[in-house]
Protein chains: 2
Amino acid sequence: MAAVLPLADLKRQVGPGNWINSIIKGDCVAALEALPDHSVDAIFADPPYNLQLGGALHRPDQSLVDAVDDDWDQFASFEAYDIFTRAWLLACRRVLKPTGTIWVIGSYHNIFRVGAIMQDLNFWLLNDIVWRKTNPMPNFKGRRFQNAHETMIWASRDAKGKGYTFNYDALKASNDDVQMRSDWLFPICSGGERLKGEDGKKVHPTQKPEALMARVIMASTRPGDVILDPFFGSGTTGAVAKRLGRNFVGIEREQDYIDAASARIGAVEPLGKAELTVMTGKKAEPRVAFNTLIEAGLLKPGQVLSDVKRRHSAIIRADGTLAANGDAGSIHRLGAKVQGLDACNGWTFWHFQEGEALRPIDDLRAIIRTDLAKLS
Amino acid sequence: MAAVLPLADLKRQVGPGNWINSIIKGDCVAALEALPDHSVDAIFADPPYNLQLGGALHRPDQSLVDAVDDDWDQFASFEAYDIFTRAWLLACRRVLKPTGTIWVIGSYHNIFRVGAIMQDLNFWLLNDIVWRKTNPMPNFKGRRFQNAHETMIWASRDAKGKGYTFNYDALKASNDDVQMRSDWLFPICSGGERLKGEDGKKVHPTQKPEALMARVIMASTRPGDVILDPFFGSGTTGAVAKRLGRNFVGIEREQDYIDAASARIGAVEPLGKAELTVMTGKKAEPRVAFNTLIEAGLLKPGQVLSDVKRRHSAIIRADGTLAANGDAGSIHRLGAKVQGLDACNGWTFWHFQEGEALRPIDDLRAIIRTDLAKLS
DNA sequence: CGATAACATGAATCAGTGG
DNA sequence: TCCACTGATTCATGTTATC
């Protein structure tokens, strides 16, 4: 069983960190306000979808918005939903680390309002992701297209946000070596994965599939990260986070959901470290300066480098710069200059002679990196 | 050549109906105000997306991406964009028949604001439709998911709108007798369909594909209906409307676009009545990524794969890559690596244990494909 | 002339670090 | 906060050039 933390206990300052991997029982905004600034790495939110289907909606002060009926005033309802949305998003934003990202899932009933408010609050939209359902419910009346998808918004905390986690290389490698697109195909949650009560009825009306959650987590978090879910429900976020070696914090009001989620998460076995290692690309590798190749004796001052088609050549100088045609500079600057470009990756542009063949100097950097790896 | 109508002439009341099948030259809202109440059956709007681009973007080969940096896409703030959006949507609403519907296309940059404002103005959202692009531009920096879709909102004029046109049966018949879903697959507009000037450059930066427009028109209008496009651009709406036996009204400010659209529409041959029945969308062979097998539970992280002669083995990681001997990568790259080859088809190389036998993981892909064949 | 390679391009909010 | 510098990064499709 995952720990359950009444909000009152949390507020009594039981100590920092005690809320990791627990479900906070209480109102979403109130519970968020009890968490420290910049304390979570990622947020996944599955807020109430709309007012028009009769779901209960609470204002930030926990008062109940009047139930929707045929006479309801549409503007007042949208306004109430906007106030609610702004409140929880703002509270989430404070809790999120500056390098963190947030996911919000919704349908056409609410996602446009959510997205616009996110922009108003200075979240910086990175992608909208379409979850295409393999087995959506049909449209029974034949008056619309079958509503076969939901939309997720992925955003960083700040405009022009930098430094967020995106495991690009792992996603690409797992996707037949082409980059992952913004349209994802998954079945809806059903069968054995769907939590059911003793009466055989589903515990939660909108339980999300673990496969969807797993891709979200694998894409935008690292092992050990803390993932917050302010509308925890049946606890899919917690279950998948635990399985994938991440930490979670859930917020939920309903005791029935908390009970089901707690038991569910308790039964999850985390994967081992080897299975959880995330594939990284060159960006994550240690930097090796060009000078290091000279110091290691792999290249020598005076030696000539050229591009792969031998159209340009340059001479290595003892200070670790290249010289050609009266110009000199780093491998990158000079590579750009001789080609008349703004930028150039000198590691892949410049080649050295080995026998009759040309090899990129990047091969030599790989040798250095291999040696470095043995040391660490 | 389609008729071009300066807004001043229209205001001089040349007579009702004279604006049918013509392009009104002028500002969008001003032109709309010159049209009568409840005079069009459907609206298709492709407003500026309000892209907020930073500096220049280069492809990995250093070529420059031709960005949409036109003046008409520049707005000072979200607030300015909202004011603009509210104005043209309100003007559209007056012109639309009570039984009419409106389509608006956009991307994550603007569609959330547009959708929220549509709801605020009492449009009643019927569906959001995802246009999945077969050939989207990649993400060059590897910092996001490939932005592979755009979103269309389809709405009726009034809340609980009734009596709008939706050709449910025709769509279903054209879709292998299953109801049309909310995710559509089409290529972007290129090749011979893409309008080009004498300099060989594209006339309009965001010309929409005719196939997309055709499905919109076939789904939500009847022959003889009047379709308004307040951001006419290169005139795709007019060209497809004419071909499909519908009438159009376009509004456009730029003379260059008007000239191109007018000539384009003039060259269109309307289809005969018999051909106006059914048209199908293009289907594509579903791509199945290795990750899909894990997400579907057919393979599990930690499980060991080997080649058919058990000379090499590798462990499946949660991120959808394989690991062996300290190396890691996609099923293809690692298969190549362990064999010392340049390339390898991981689908046929790697096998999993089933009882005492080894079966290629390609067998599992076949299972997924069978399930997906219905979707494409 | 045919096959193949090379090049071009599409609604894009597209980097991270250290001084 | 700004600036300089390193150096990582693309998929599908259509068109043109080359052999």
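Below, chains carry the letters A, B, ... as their sequence lines are ordered, and counting in each starts from 1.
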Q) Can you find a donor-acceptor pair, distance only, under 3.5 Å between Arg59(B) side chain and dG10(C) base? A) yes
Q.
Quick check: any donor-acceptor pair below 3.5 Å linking the side-chain of Lys208(B) to the base of dA11(C)?
A. yes
Need one value for [X]: base, sugar-phosphate or nothing, where a base atom within 4.0 Å counts as base even if backbone is also close, heavy atoms only.
X: Ser107(B); value: nothing
X: Gly163(A); value: sugar-phosphate
X: Pro47(B); value: base
X: Arg365(A); value: sugar-phosphate
X: Ala159(A); value: nothing
X: Glu285(A); value: nothing
X: Gln62(B); value: base
X: Cys344(A); value: base

Find the distance [X]:[atom1] to [N]:[atom2] and express it as a whole number of Å.
X: Asp61(B); N: dG10(C); atom1: CG; atom2: C1'; value: 14 Å
X: Leu185(B); N: dC11(D); atom1: CG; atom2: C1'; value: 14 Å
X: His58(B); N: dG7(D); atom1: NE2; atom2: P; value: 19 Å
X: Trp350(A); N: dG7(D); atom1: CH2; atom2: C1'; value: 15 Å
X: Arg194(B); N: dG10(C); atom1: CZ; atom2: P; value: 6 Å
X: Asp177(A); N: dC11(D); atom1: CG; atom2: P; value: 9 Å
X: Leu57(B); N: dA8(D); atom1: CG; atom2: C1'; value: 13 Å
X: Leu126(A); N: dC14(C); atom1: CG; atom2: P; value: 9 Å

Q: For a side chain to side chain donor-acceptor pair (under 3.5 Å) with His149(A), tell me which candidate from Asn127(B), Asp183(B), Asp128(B), Thr151(B) qualifies.
A: Asp128(B)
So, is [X] close to the [N] phosphate, meaning a side-chain N or O under 4.0 Å from OP1 or OP2?
X: Arg143(B); N: dA8(D); result: no
X: Asn139(B); N: dT10(D); result: no
X: Lys202(B); N: dG10(C); result: yes
X: Tyr168(A); N: dT10(D); result: yes
X: Lys201(B); N: dT9(C); result: no
X: Arg144(B); N: dT10(D); result: no

(Q) Quick check for you: among dA11(C), dT10(D), dA15(C), whose closest atom lies nearest to any side-chain atom of Lys162(A)? (A) dA15(C)
Q: Just name whichever nucleotide pairs with dT9(D), Watson-Crick or G-U, keeping both distances under 3.5 Å, else none.
A: none
Q: Write down the partner of dA12(C) under the Watson-Crick or G-U wobble criteria, each distance required to be under 3.5 Å.
A: none
Q: Determine the Euclidean distance between corresponding C1' atoms of dA12(C) and dT9(D); express it in Å to zero decimal places.
A: 14 Å
Q: Name every residue in residues 64-84 of chain B that has at least one heavy atom under 4.0 Å from any atom of DNA chain D, in order of residue number, or write none if there are no such residues.
A: none
Q | Interatomic spacing from CZ in Phe166(A) to CG in Leu126(A) - rounded to 0.5 Å | A | 9.0 Å
For nucleotides 1-6 of chain D, print each protein N/O atom paired with a nucleotide N/O atom at under 3.5 Å, atom names and distance only.
residue : atom : partner   : partner atom : Å
dT6(D)  : OP2  : Ser330(A) : OG           : 3.2

Q) If each of Gly142(B) and Asn135(B) is mapped to the nucleotide of DNA chain D with the nearest heavy atom, which maps nearer the 5' terminus, i.e. the 5' end? A) Gly142(B)
Q: Indicate for each nucleotide in nucleotides 14-19 of chain D, in 5' to 3' sequence, whether protein heavy atoms under 4.0 Å reach the base (B), only the sugar-phosphate (S), or nothing (-).
A: SS----
